[in-house]
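In this text the structure is predicted, and so the values were computed from the model without any measurement. The analysis underlying the following values was restricted to heavy atoms, covering all of them including side chains, and did not include hydrogens, waters or symmetry mates.
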Amino acid sequence: MKRKELLYTGKAKSVYATDDPQRLVLHFRNDTSAFDGLKKEALDRKGAVNNQFNAFIMTKLAEAGVPNHFESLIGEDESLVKRLTMFPVECVVRNIAAGGICKRLGVTEGIDLNPPTFEFFLKNDQLHDPMINEYHIRSFGWAQDSDVETMKSLTFRVNDVLKKLFSDAGLLLVDYKLEFGRFDNQILLGDEFTPDGCRLWDAETRKKLDKDRFRQGLGGVIEAYEEVARRLGVPLKFNA
Ligand code: ATP
Ligand code: TYD
């Protein structure tokens, strides 16, 4: 299916309409941003790596019973997806403390969180995606209680599936962010699962292999994403 008009330009992806009102094309761009867009760079191959990485993960999740929007790869950096009505919230699970929680609670990076934590954030760049709780979601009508329960249980199911998948590849799934939306009467996982929206460390050395390499100016960002893809067996293909 061909992409038609541009509907939305996000920080890392562009969203296009298609002939089918129920389908969208997601174009994964090379643009990379951090700190609410203050740090920005275009990184060669990122769009293609993330698109194909996301396709691999979404397919594994669907096989494991996590319903999601992914339909097919339609180009090296484009995928066809179901068009969802997105909830304006982000679901974050942490297995190991890093990033925001260390600053917020003054805890040391690297401590195990057992059981893992679950946090909601409001998707609002102007407000810097503030942390919210279920009462805010209920009072402001951002989602129904039953939707909240579904998002939580699917987010934890993703943890079970992906902790194992990454662990088998010698990687620790430190934390990740998911977004969900409604398609007819079903809640589906949307957006993306890539090293842009999660933290992955080498299990032996704890070397960072995710977007923290960009945030912290460590270099070798895409090389790290490709290393993760190679270890998982993601078949990366690039146009000549
Ligand atoms: P952020 O980086 O904070 O997620 P953004 O809008 O800049 O925000 P992008 O990934 O660049 O993020 O843009 C993609 C947009 O498309 C997001 O707003 C996301 O919620 C939305 N989206 C993802 N999947 C779907 C889908 N299946 N149906 C409708 N919208 C979607
Ligand atoms: P967090 O540590 O709260 O924020 P930061 O990465 O800015 O220090 O993020 C936890 C994980 O969720 C991390 O892997 C990044 C991801 N995430 C996003 O990709 N986008 C978001 O808007 C949020 C809140 C988190």
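Among residues at least two apart or in separate chains, there is no ring-ring contact (aromatic ring centres under 6.0 Å, His included) pair with a member in residues 63-91.
Side-chain N or O atoms of K46 include one that pairs as donor or acceptor with a backbone N or O of D31 at under 3.5 Å. Checking side-chain atoms of T32 against main-chain N and O of N30 turns up a donor-acceptor pair under 3.5 Å. In this structure, the side chain of D210 engages the main chain of D212 through a donor-acceptor pair within 3.5 Å. For N68 (side chain) and V66 (main-chain N/O), a donor-acceptor pair under 3.5 Å exists by modelled atom type. A side-chain donor-acceptor contact under 3.5 Å links N51 to the backbone of E78.
Taking CD1 of I187 as the start and CZ of R182 as the end, the distance is 4.0 Å to the nearest 0.5 Å. If you take CG on D36 and CG on D129, they are separated by 6.5 Å, rounding to the nearest 0.5 Å. Atom-to-atom distance recorded for R231:CZ and E227:CD is 4.5 Å, nearest 0.5 angstrom. Taking OH from Y135 and CZ from F140, the interatomic distance works out to 14.5 Å, rounded to the nearest 0.5 Å. Residue M151 holds its CE atom at 10.5 Å from CD of E179, rounded to the nearest 0.5 Å. For the atom pair NZ (K164) and CG (N159), the distance works out to 14.0 Å, reported to the nearest 0.5 Å.
For R215 against A34, the heavy-atom pair with the smallest separation is CG-CB, 3.8 Å. A pairwise comparison of heavy atoms in F238 and V49 identifies CZ-CG2, 3.8 Å as the closest pair. Across all their heavy atoms, D19 and P21 have their closest contact at O-CD, 3.5 Å. Shortest non-hydrogen contact noted between A143 and I137 is N-CG2, 3.5 Å. Among all heavy-atom pairs drawn from A169 and L232, the shortest one is CB-CD2, 3.8 Å. Pairing each heavy atom of G190 with each of M86, the nearest pair is CA-CE, 4.4 Å.
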Candidate pair K237 and E76, rule side-chain contact (heavy atoms from CB on, under 4.5 Å), full reasoning: CA-CA 7 Å; K237 293 194 192 84; E76 68 166 16; over 6 Å; no
Working for salt bridge (charged side-chain N to carboxylate O under 4.0 Å, His left out), residues D160 and R157: CA-CA 5 Å; D160 293 338; R157 202 178 321 162; over 6 Å; no
From CA spacing to verdict: salt bridge (charged side-chain N to carboxylate O under 4.0 Å, His left out), E226, R230: CA-CA 6 Å; E226 287 170 329; R230 189 190 58 72; over 6 Å; no
side-chain contact (heavy atoms from CB on, under 4.5 Å) evaluation trace for T155 with F180: CA-CA 9 Å; T155 300; F180 293 88; 3.2 Å; yes
Candidate pair Q144 and S146, rule side chain to side chain donor-acceptor pair (under 3.5 Å), full reasoning: CA-CA 5 Å; Q144 301 298 306; S146 59; over 6 Å; no
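Between L171 and V228 there is a side-chain heavy-atom pair separated by less than 4.5 Å. The side-chain heavy atoms of L162 and L165, taken from C-beta on, include a pair separated by under 4.5 Å. Side-chain contact between S33 and K40 is present, with heavy atoms from C-beta onward closer than 4.5 Å.
Under the salt bridge (charged side-chain N to carboxylate O under 4.0 Å, His left out) criterion, D20 pairs with R23, not counting sequence neighbours. With sequence neighbours left out, the ring pair (Phe, Tyr, Trp, His ring centres under 6.0 Å) criterion links W201 to no other residue. Every residue meeting the side chain to side chain donor-acceptor pair (under 3.5 Å) condition with T205, not counting sequence neighbours, appears here in chain and number order: D202. Every residue meeting the side chain to side chain donor-acceptor pair (under 3.5 Å) condition with N133, not counting sequence neighbours, appears here in chain and number order: H136. Looking at residues two or more places apart in sequence or on another chain, you find a ring pair (Phe, Tyr, Trp, His ring centres under 6.0 Å) between F120 and F118.
The closest side-chain donor-acceptor pair between R3 and T18, if any, does not fall under 3.5 angstrom. For the residue pair N95 and D112, no side-chain donor N or O sits within less than 3.5 Å of a side-chain acceptor on the partner.
Linking ILVMFWY residues whenever their side-chain heavy atoms come closer than 4.5 Å, directly or via other members, leaves L173 and I96 in distinct clusters. Taking hydrophobic clusters as Ile, Leu, Val, Met, Phe, Trp and Tyr residues chained together by side-chain heavy-atom distances below 4.5 Å, I132 shares a cluster with V93. Under a hydrophobic clustering in which Ile, Leu, Val, Met, Phe, Trp and Tyr are joined whenever their side-chain heavy atoms come within less than 4.5 Å, directly or via other members, L84 and L189 fall into different clusters. Under the 4.5 Å side-chain heavy-atom criterion for grouping Ile, Leu, Val, Met, Phe, Trp and Tyr, L178 is not connected to F183 through any hydrophobic cluster. Residues L172 and V234 do not share a hydrophobic cluster, clusters being chains of Ile/Leu/Val/Met/Phe/Trp/Tyr side chains in contact below 4.5 Å.
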For residues 98-111, which side-chain donor-acceptor pairs fall under 3.5 Å, sequence neighbours excluded?
| unit_1 | atom_1 | unit_2 | atom_2 | d |
| --- | --- | --- | --- | --- |
| R104 | NH1 | E119 | OE2 | 3.4 |
| E109 | OE1 | K208 | NZ | 3.3 |
| E109 | OE2 | K208 | NZ | 2.7 |

Identify all side-chain donor-acceptor contacts of residues 53-62 below 3.5 Å with residues at least two apart in sequence or on another chain.
| unit_1 | atom_1 | unit_2 | atom_2 | d |
| --- | --- | --- | --- | --- |
| N54 | OD1 | F193 | N | 2.8 |
| T59 | OG1 | A55 | O | 2.7 |

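Within 6.0 Å of atom CD in E5, more than 12 heavy atoms from other residues, nucleotides or ligands are found, so the atom counts as buried in its surroundings. Residue K39 qualifies as enclosed at atom NZ: its count of foreign heavy atoms under 6.0 Å is above 12.
Think of Y8 as one node in a network of Ile, Leu, Val, Met, Phe, Trp and Tyr side chains linked at under 4.5 Å; its network also takes in L7, V15, L24, L26, F28, V81. Under a 4.5 Å side-chain heavy-atom criterion applied to ILVMFWY residues, the cluster that includes L218 comprises that residue alone. Cluster partners of F121, using a side-chain heavy-atom cutoff of under 4.5 Å among ILVMFWY residues and allowing indirect links, are V92, M131. The hydrophobic cluster containing L38 also includes F35, under a criterion of side-chain heavy atoms closer than 4.5 Å among ILVMFWY residues, counted directly or through chains of members.
D191 pairs with exactly one of K123, K13, K11 by the salt bridge (charged side-chain N to carboxylate O under 4.0 Å, His left out) rule, that one being K13.
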